[in-house]
Structure formats: C-alpha cells, structure tokens
J.: 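First, the structure itself, so that you have it in front of you.
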Amino acid sequence: MKPAPFEYVRPASVEEAISALTEGGYAAKALAGGQSLIPAMNFRLAQPAVLVDLGGLDELRGIHPRDDGGLVIGAMTLHREVEHSSLVAEHLPLLAEVMPWIAHPQIRNRGTVGGSLAHADPAAELPSVMQVLDAVLHVQGPDGVRTVPIDEFYYGLFTTALEPDELLTAVEIPPLPAGSRSAFEEVSRRHGDFALAGVAAVVQEAEDGTVARARLSLLSVGDGPVLAERAMACLAGRTLTAESIREAAALTSEDLDPPGDIHASAEFRRHLAGVLTTRALDRLRA
Amino acid sequence: MTRSSAIGAATRRNEDHRLLTGTALYVDDVHLEGMLHVAFVRSDYAHGLLRDVNLSAALALPGVIAAYAADDLGDYWSPGPLLVPPPPIERCEFRSATQVPLAKDKVRHVGEAIAMIVAESRYIAEDAVALVEVDIEPLPPVATTEGALAEDAARIHDQFDSNQAAHVVQEKGNYETATANAALRVKRRFRMDRGASAPMENRGIVAQWDERCAELTIWDTTQAPIPIRNGLAHMLGLPETHVRVIAPFIGGGFGPKIMMFYPEEVLLPWAAMQLKRPLKWIEDRQESFFATTQEREQIHDAELAVDSDGRILGVRDSFLCDTGAYNPYGLTVPINSQCTLLGPYDVPNYWSEFQLVFTNKPIVTPVRGAGRQHGVFVMERLLDLAAAELGLDRAEIRRRNFLPPDAFPHDHEILYQDFAPLVYDSGNYEPALDKALEMIDYDRFESDLQPAYQANGRTVGLGIVSYVEGTGVGPYEGARVTVQTDGRVCLATGVGTQGQGHFTSFAQLVAEPLGVSAAEVDVITGDTSHFNWGTGTFASRGAVVAGNACYAAALAVRGKVLATAAQALEADESDLEIEGGCVNVRGEPDRTISLGDLAARANPLRGAVTPGTEPGLEATAYFGPERGSTASGVHAIVLEIDRETAQVDILRYVVVHDCGKVINPMIVEGQIHGGVAHGIGNAFYEELVFDEGAQLMNASFMDYLVPTATDVPHIETAHITTPSPLNPLGVKGVGEAGAIPVGALFAQAIENALGADAPEVLEMPHSPNRLFELLQGDPDA
Amino acid sequence: MDEAQRVNVGGSVNGARFEREVEPRLLLSDFLRHDLHLTGTHVGCEHGVCGACTVLVDGEAVRSCLMLAVQAEGCEIITVEGLAGDDLHPIQAAFHEEHGLQCGFCTPGILTSLLPFLRDHPDPDEQEIREAISGNLCRCTGYQNIVSAVKLAAEQMRK
Amino acid sequence: MIIQSEYLFDADRPTVYAGLQNPEILARALPGTQTLEIVEGTRYAGEMVVSVGPVTAARFEVSVELTDLVEPESFTMLVGGKGKAGFVDGRADVRLEDRGAQCLMVYKADLGVGGRVASVGQRLLDSVGKAMSQRGLKAVDRMLQ
C-alpha cells in the first residue's frame, strides 16, 4: 500500500497552483489536507500524474468575519480550526456542532474545509451543512474568480462545478437570518465512521411562530448532499408540530433513492433519513 | 515502587518500558544492510485457471532485482504440510489439500499469491506488481458454505469428487431413543459468519542468509518460532542448528499467526538464499484480509430435547463448517465447536455430525475462540428457546443442568482437538452464575429496572450465558532458568509472545521460588537460538504449559541454589531460606550469601567440579499435561436498543470467570477485557462480507469494523478459583475466554429487550441493518 | 519511468534537525521509520483508520501514513521516542501502572494522540477519553485499562 | 450488484435500438470508453478509462457483446472489463418501450465486481453503478439527436 509515483509541485501562490493544474489537466490533482486523497493513493485507486500541494498557500487559510455576522472560511482552513473557532461557535453553531462528527481528531488536524467540499463524497457532513447555511463558494481559475451558490455546486457523485484547472479558494457563509435555529443528526456504525445517514437542518421562524423558511439537506443517501425540497416546502408557513414534522420526514424518505451497501440497505437508509429528519426537527421545536 | 512478585500478585509488567518508549523490536523494525523488499502479485479472481504469468515488464523496471512465479521455484515448490491431522475418531472421513507457495495452474481464492517481486524498495516492488501480466480464465466460484456441496458446484480441488473436506460424527449415548419421550424439542438453524483476527500488526518476515557461516536467520511474526525453524530447515536442506527463527515483539496474534507455513514464510528464506541478500516482506492491511487466515463461518441445524423440568435429555447437531480454499489446520475448529457445545451442562446424549467444506475463500484456521463461539452460541440459544417454551427462568434452566461440583473429572465420551478424550478436569459452575446474577442485579432487573426503562420509552434487555473452554492442551513446553553471577535470573522458553505479558507472569513463576523480584528475571521468548524445544503460543496454553515448565525449572534451580549455599554457608539445607536475592541460615541473618556469589561458586575457574554434577545454577524442565484443563465462566450484559435507528448501546457488562489459580490478576483481567472486545466485534460489528463471486467486499479498516473505545463498555469482572488438578500450579488458560460467549449473550439480550413477541436472533454477527430487518418483521430478509 | 523526482525536506524530529532528499511519494510514516530509523511509530493500516502511526506535527496529532514526508517541510515532529526524558512521561508511567498496553503495537499512536488531548483537557471524563482515543484501534486491551491510565495520567499531570 | 433503473430517450424506439448496435454510439453508454471496435457481429472490444471520485484514471480493457436481440424490443448486453484496479463482469437485460415519440429503456444489470475496486470501494459501488449507467445513457441520448 504505497502511492504510485507522481510529479510533485508545491506552488507559492494560488496563481501558480492554477497554472500547475492547467498544465497537468485531468492527470493533475490538488492536494489539500490529503485525508481522503492519500488513502486513495495508498490503495493505488488514485494515481495522479501530478500532485499540486496546496500546503504552502497560507492565503487560503483562516476564518474571516463579515460585517454582517457571516464568515468567509479559506479553503485550506483545517477542520480543527473551525471546530475550535469562537467566531464559528458564536455565529454558526451548526458548523461547530457538526465538526466532531467528522472522522477523528487526528483527521481533523489535517483535513481542510475546502478539501471536504471539493472532494464531494456523498457521505461527507460539510456539503450538507453548507447547503442548509446557503454558502457561496469562491472559485478561481485561469480566467479569474467566480462564485458559485452551493445549490449549483454539486453535480453528482464526486462531481462539482469545479473545472479541472479551478481551485476552490474559500467558502462564504451568510449570517443565519433572525429567528433561525439549526440542528444536525447522524447515525454511523462506529464513532467517526462514514455516516449511514445524516441530516442538517435550519429552520427560520417568522414572528407568528410559523416556519418562514426551512432548509434540510441529507448526506449518505444519494450522490451528494440531497436537499429535501418537498419536505422543506411542506414546512413553510406552518408551525413545527408532531404532525408537520411527521409529514416532512415522510416526504424526505419518500423522495430519496439511496444506495445500499454492506452496512445499510437502501431501505434502511431511507428509514434512517426519516428518523433523523424527525429528530432534527424535533430539536428545533420552540 | 516495589511490588510483590509473588505468584498471584498484580505485578506490573517487565516488558512495558521498551514498548512505551518505542524501543521494542518488531519484525518491521529490523533493518539490515543491503536489505531488499518484497511484494506479491495476488489473484483478483476467487477461482480460475492460471494460464500465464508474464514477469518481463516487471523485471525490466529499474530497481527490481528478481521476480518469481511458481515455475521459477523448481523442486522447492511444494504444498505446505498438514499441520494437524485428524484425531483418531472412529467415524471420520478426511481429505487434505494444503496451501501452495505460489499458485500453479489454478487460483483458489482472491488474494492467493501468484508471483513474488523483489526490489530495492517496497514502493518499487509495488510498482512492479502492477506491471505483471496475469492471465486467468475465471471458473465459477464457490462462494458459500451451503453452495459448496451443491450438485453443480465447481470443484475446487480436482483430485476430489466433491468439495467436502471432512465428514465427522461423534456420538454419546443414543439421542433418538433417549429423547423419544421428551417433553419438548427445540430445533433451529443457526448461522455464524466470517471474521478476521485483525491484530494491529500485520504479518511480516525478514530473512538473512549468511553464506560464510551457512546460517539462516529469520525474524517472523509467528506464534510458533520453533516449529517454523524445524520445518524451514527441513525444506531448505539445512541443519536445524543453522536456522535461527526469532519472533521478537509481536503486535498481537489471536490465532492466525500460528498458521504454518504461510507462502511468504516459505518463500522469503529461499529467495534470500538465492539472492544472497536480506529480504523483508511486511504484509499490508489490504493483503492481510486475503493472505492471513480467517475463521467463523458455520451453519448449524441443532435440536435440544428436554424433559418437563427443563433437564437436558440430549442434543442433536448437524453442521457445516467452511475451511476456505485449503485445510492445513485439519479439524481443530469444527471439533472445538462440537466439543464446546456441551458447555457446563450434563448432556447425557449427544449426536453431532459435521461436514467441513472447501470454498473459494481465504483459509480458515483458529481465531481467538477457535470454533468455541459456535458451540456456545448454539447451546445457549437452544436453552433460551427451551426456557421460553417451558416458562422457565433462563438462569434456572442453566442451573438445573450444570454439572455438579462432584461430577469431576467428567467424561463426555467424545474426543477433543488434542486427540485426548473430552474429560473436564474440574469446575464449579453455580457460584459463578450466582455471582454474575448478583453483579448484574438480575433479581431486580425484570421486576423493577426493565419496567422502569419501558415506562421511559427505553428498550433495555439483559442477557446471561455460561460457557466452558478447553484450554492448555499439550503436547509440551520447556524452559531453562539460569542464575547469573550478577544475581539476576535468566529465563528462556520456546513459546512466542504476542502481548500476553509472558515477560512478567513467567518471571513471577521463577521469581517466587528463587527469592528475587520479577523485575530481576530477564525473560527470553521466541528465539530458537536460546531455546529450541516446544510448539508455540495457541489454544490458551502459554501460562498452563510453558508456565508450569518455567515453574518446574525454577524449582530445580532452587534445589541447586540450596545445595550450593549449604556448602558455602556450612549449614544444613533445611535450615536455609531464600529471600531478597540471598540465601540465609534461618534466624542468623549474618550467615548469608547472594545468588550471584552462589552462581560464581557453581562455575569455578579453578578446582574440580565433581564428576556427575553440572556446573552453574541452571536447569531445564519440561511440562506436558495429560490433557487440557477446563476453564469456565458466565457473562452478563444489559443493553439498550434504539428501535428507530437499530443501534445498540451496552449499558453494563459483567464477567465472572474461572481460570483456576491466577498467576497475575492484572494480566488475567486484561486478557478478559480484550477477549470481550473481540467478542463484541464478532457479535455486532465485524463481518467479512463476500459477494456471490467470493469477492471480499470489505478488505479495509474503513469497512471491516473493529470495535473502538466508544463501542466497548466498562467491563466488571470477578474471579472464581477452581484449580486444575492437571498441573502443579493449578492454572487454566484465559487468552480466548472473553471472546467466546458474547454472540450468544447479545442475541439473548436483544430478544429480552424487544419483549415477548421479539423476533428470534439465530445468527451472528448481528448488525444494525439486520436488526432493522428483524424489527420490520422480515426474519428471512 | 524516468529518473524519480527527489525533493528536499527539512524539519525537526524530537528536537533534532533533519534534512533529507526524498521521493515525493514517500509517506511520512516510512520516512520516520526507515530513513530516520525511528521505528517506534508503527504502521497498522496505511489508510488512516487504525491510528498506530500517529505522531505530533507542530504539536497536533496526525496520521503519519496520511502525510507525505515532503509535507513535513519546516515542521516540528514528535514521535513516541521523544516522550520520555530520564523518566517516563507521566502518560507512559500511567500506562505501565494501569496495564494500559498488551502487545504494545498501538501504544505509540495512542500515547501521541493523548498528549495534545490532555493538554487541552486536563481533567477529562470517561466519555471524553473514549472519544479522544476512538481514532486508535487496539485489539488487545478492550480499552478499559487505557481509560484508567488516562485518568491516572491526567491526575498526575495536574499536580 | 444489481442495478435496476430506466431512462427516457428523446428518440423513437427504432432509432434507439439501431443506435445501440453502432459501436460509436454504444461506446457512449459506457462512460470513459476511449475506443470500441467491432470484433465480430455484435461483439465489441476496446479500452476505457474510469475516473470516479477517489478512483483516478483507472484503465480497463472492455468487451461488450449484444445477444438475444429482438428488434426493436430487447437485447442482452454482456460486459466485461479488466484492469489493474479490478474487474467487472456481468449482463444487462434491456427492454425498450414506446412512450409516444420517445422511448423508455428499462434495464436490469447484474454485475460482478472484483479486485481492489470491490474490496475497498464497496460503499460507493451502488452509486457508481447507477451514476455511470445514467451518465452513459444520457450521452447516448445526446448522440442520437
């Protein structure tokens, strides 16, 4: 279990990194924290010809507050930094809540926010969390900088809006609208394992106590983060009650076409998605 | 801190310092000048004809030194030995097919070695593996135990007319006639799946050929260095004295590291001699899921007959046992299942039949528990079902059937895996059950605790099961004890050590008779240049067999110490006492001499040693028990089920066990904790999942789920001591015990939690997915 | 394959400076074990699950099998060999006292994982301890005595 | 592994049926196929490079055979792929139904996957199988326009 040979590039700037990726084309791969890529390389499933190590790009690190209470998190910011950030704890409790669910401390000490988001593993927690937080992704390529709303970022299994010569540089998260509450629920076989199913939820309450807007995104039950659109719609304008939650959970399960694996059949995943949706929404009842 | 080193004291371990500071030597830590590295080309197919192996592209890669396929081995290519021939059971048909060093003509399981690459680094060796072109014509695989005996199943070994490797019947009394009027018969099919031993250290081997001395040195992660040495010497045509096998610190064994000979074990020494360079192969984790042996797949159709009081009239069991692609370990696993099924119970009539079958899966050899889990699972489950039918308390049905304390030795009238009759040497089961019931709060559980949980919407259940384990089988082990002139004591024994604390427990056995502390005893295990008689560490036998040899050798040295001191101190031997590293005349503390000085006197540079005596304070002793000693125990659990997510949480875990006299309770408890953790893995987390193509679907620690610290509960333990009459120390084995009853315990507790209309749990492991299916009312899904 | 690319990597291990030229694909675990002969760091799975290869990089516990040696450029690394001074580190001493190890293969990775954990959690409860080591597999101990050892070490280190 | 799904083509049934006999179009059904040539009749062989998530640029030799042809209703596709990362072997039963001017393909594939891809990638096999078949059919659909 040793990686196959590759050409190693350690760019000193984002521009250099992008030109290395451009030159390498499909055979090049960006190395962020390496906590998904290096195991795949050790198994020789991933055999990039060129490895562009982003480790030297300090400009991509850091958690920066926006004036309005939102945050901009650099792509190379470590999971650990997010986990222990007082800014995150204060402004985006959902993000703080989800961090301990991501693998183990040793992995979070190397793994990066951008790496997780760009890798687009369907079992990853961060894409769903970013989705319910309405994050916007900052992307840079040879032609310059662009932003992609999270709902337009995930295309399918391990596939995102990133072109091979583009880098995810940061994720920008707006502040939670007033009256919002969030919750995260997950079931995995062992602590730190890939989720069997999980759900991130944000519910914004109107002044009359009804749901102004709900965001529900599921993980490990599809090709990527799955927005529970019908469930979200069914909650809008209603109060969170046992009845409305049951309906939303049922719609969530119904709309899924989850994959099965040796740990959980498609049916079990669908069932878990409903249970977890119920639990998350229950927590959000006033 | 000074601590007692007495036998029975919780002496802290001698080996810890090296292990804690990273200075202990494991096989992969051996670094030799000019060393080359080995990687293997392995089959992607479970079953197929091996048409061609083309090594030329691999050989052309810079840094590749050599590459070998089966044909390159010439006469050295030979199937491995049949390690354990079948016991002399009357009704036993047995056919042997043993593993080969490199596949020739045919591949028989995924991961079977096809070619060996030697290169300057492991990285390059793996690059070269990718360049080897292997042409395999796939054959239909035999992927399941039941499928192996199907009419149209492909034959795995062409020399046999079916995939049946053995058919064995053992019988006691007459089940049919004795149970004709049974009040109740309970019959079910039970299924147990495969697991991996998964030690944290994978296997590895380093071989160094010193041509000038004609000496071969091998560092091997084996549990049996001496048989490896003897076998390799034979295969390579070398004198046994010219082959040295060192099993240094081993990172866990759990059974499969005693398999011999693994292909790599045969190939590395040979290639090191060919190339005249040291070679290293370290199994990687992915390889370990194919190349290291596995265990546990069995299907039992069993029936229990009881009278109206719940007393056992007899058991009839017919089972299938998977041996994988080859069967070098003979019948050890199924005979353990067959024998252990009887448990601590009086079973007057027993009819047990099994068929061992070849499949296109990795080889089966004993893994911690070694088939005993299966017997316990079947018997305990049948008792639970019978108790439920009769409206009898589950503890009570066990109590009624226990062999009473005066029933020992108890002859079960069948043969055990060590070829000796299955005779329990000793046991006292009821106190262990009572203790466990008390500790788990059994009386209050169903009356108070469980209803209280239910009232809070919680699904909580209790389980309690018993088991016995035949441990400490022969043939023999030996030890040599030497007092050095600095007063320290050296102990050498042949068994290898994989974490069991031998450096300490063996030291205690020597320290007490010689009046030194355990820290003053330097223990050497697993190096054939220091001790070369013995078999190995397996079957929970280290403390029993090697331990008694250590103790006997120490007693013999004690005799020499006293005789030498009597001369030196001009006193009568009976007036002497040994304490604190010195021999004194009792009551006269000034008349004293140290062990070191005595050692010097016993090895004089001048003068004459009396003819017929031996120099030095040294003795070698051997111990061979006439048969194994019988350990036993009771486990109890309280667990909670989340009905919605099908997750299981263990709230309490209690172990009451009897391993006879305890040498070091700290080490014994540690062994039990580890065993229980392994058992929890087998009961709930660990399953090697093969698809219809006999492809292993979870050959990684991502998907093969070894329990972590958050999955294993705090374990409460208590000891009952029934000394074994079969060895002077009165000890019994404990290495495997913890793992044995856990599957049965989980099953019972899950049923108990789910209440009266609970689905029956008749298989292990029992994953959340399976629990979900059962909760959905789909027992056959 | 053409002549393999080699890259300079420099840093420190257990306080001693190193400077080597390595192939970029060399894993940090192999670099420590085979190039620097620090064999106390063990390799158990090479896919980041077992935790045996855990070392400290700039004070934090990481899996050395999931890092390339070249990524350690400019880093301060501590391995198990760097824990004890003249005496055992209190964590090591507690593992000895509480029988927190058996075969010892997973132990270096557990010790190194615990160092930053106890720094950040000087008085951990049992659940925190179990979660802290849940990324380290141990097949021998059933974890119970490891938990006891961590409690003892925390107590000793608070003194 | 069983993959059971359907795909609605924006073309009529005879066009879809005929298209899938054409190696150039058939190649699109197997994403990553670089070359696919007729060996004989309805037997094809070629090369495929697969990149899905952690798997990058895994090269496979592929063979495809169409049998039990019932024009323009159904056929069976036998697929084999073999590379360093493992192998795929299986059959897909394909049925075409008229849906007005469109054509609905209903398929059930039974695939055996072996080697490294199977032994460490099990978590993703189901998703990859589904995603690749849908992506392939989408590409075929575009080609038929």
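When reading the values below, keep in mind they use all heavy atoms of this one structure, side chains included, and skip hydrogens, waters and symmetry mates. Lettering follows sequence order; numbering is per chain, from 1.
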J.: Surrounding NZ of D:Lys138 (heavy atoms of other residues, nucleotides or ligands, distance under 6.0 Å), is the total greater than 12?
T.: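 12 or below, so no.
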J.: For A:Tyr26, is it the side chain, the backbone, both, or neither that has a heavy atom closer than 4.5 Å to a heavy atom of chain D?
T.: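 Neither part.
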J.: Under 4.0 Å between a side-chain nitrogen and a carboxylate oxygen: does that hold for A:Asp121 and D:Arg123?
T.: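 So A:Asp121 pairs with D:Arg123 through a salt bridge.
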J.: For D:Val120, which atoms come within 4.5 Å of any heavy atom of chain A: side chain, backbone, both, or neither?
T.: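 Looking at D:Val120, just its side chain touches chain A.
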J.: Hey, what do you get for CG (A:Asp223) to NZ (D:Lys130), rounding to the nearest 0.5 Å?
T.: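 Reported value, rounded in 0.5 Å steps: 8.0 Å.
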J.: Does atom CZ of D:Arg59 have more than 12 heavy-atom neighbours, drawn from other residues, nucleotides or ligands, at distances under 6.0 Å?
T.: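 No, because the 6.0 Å sphere around CZ of D:Arg59 holds 12 heavy atoms or fewer from other groups.
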J.: Chain D heavy atoms under 4.5 Å from A:Ala123: which part of the residue, side chain, backbone, both or neither?
T.: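 For A:Ala123, the contact with chain D is made by backbone and side chain together.
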J.: Look at the side chain of D:Arg116 and the backbone N and O of A:Phe43, then say whether any donor-acceptor pair between them is shorter than 3.5 Å.
T.: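 Side chain of D:Arg116 to backbone of A:Phe43, a donor-acceptor pair under 3.5 Å: yes, one is there.
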J.: Could you pull out the closest heavy-atom pair between A:Pro122 and D:Leu124, with the gap in Å?
T.: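 So the two residues come closest at CG-CD2, 4.1 Å.
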J.: For the CD atom on D:Glu24, are there more than 12 heavy atoms of other groups (residues, nucleotides or ligands in this structure) within a distance under 6.0 Å?
T.: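 No, CD of D:Glu24 has 12 or fewer neighbouring heavy atoms, counting only those of other groups under 6.0 Å.
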J.: Starting at CG of D:Asp126, measure out to CD1 of A:Ile262 and round the result to the nearest 0.5 Å.
T.: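 That separation rounds to 12.5 Å.
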J.: Under 4.5 Å from any heavy atom of chain D, what part of A:Leu37 do you find: side chain, backbone, both or neither?
T.: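 For A:Leu37, there is no contact with chain D at all, as no heavy atom is under 4.5 Å.
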J.: Taking CD in A:Glu23 as the centre, count heavy atoms belonging to other residues, nucleotides or ligands within less than 6.0 Å. Is the count above 12?
T.: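 Open: at most 12 neighbouring heavy atoms sit under 6.0 Å from CD of A:Glu23.
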J.: Identify which of A:Pro259, A:Ala40, A:Ala120, A:Pro258 forms the greatest number of heavy-atom pairs closer than 4.5 Å to chain D.
T.: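 Top count of heavy-atom pairs under 4.5 Å with chain D: A:Pro259.
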J.: Counting only heavy atoms not in A:Arg10, do more than 12 sit closer than 6.0 Å to its CZ atom?
T.: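 More than 12 heavy atoms, drawn from other residues, nucleotides or ligands, come within 6.0 Å of this atom.
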J.: Nearest heavy-atom pair of A:Gly222 and D:Ser127: which atoms, and what distance?
T.: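 Closest pair (atom of A:Gly222, atom of D:Ser127, distance): O-OG, 4.4 Å.
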J.: Step through the shown structure and confirm whether more than 12 heavy atoms of other residues, nucleotides or ligands are within 6.0 Å of CD on D:Gln145.
T.: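 It does: D:Gln145 CD has more than 12 such atoms within range.
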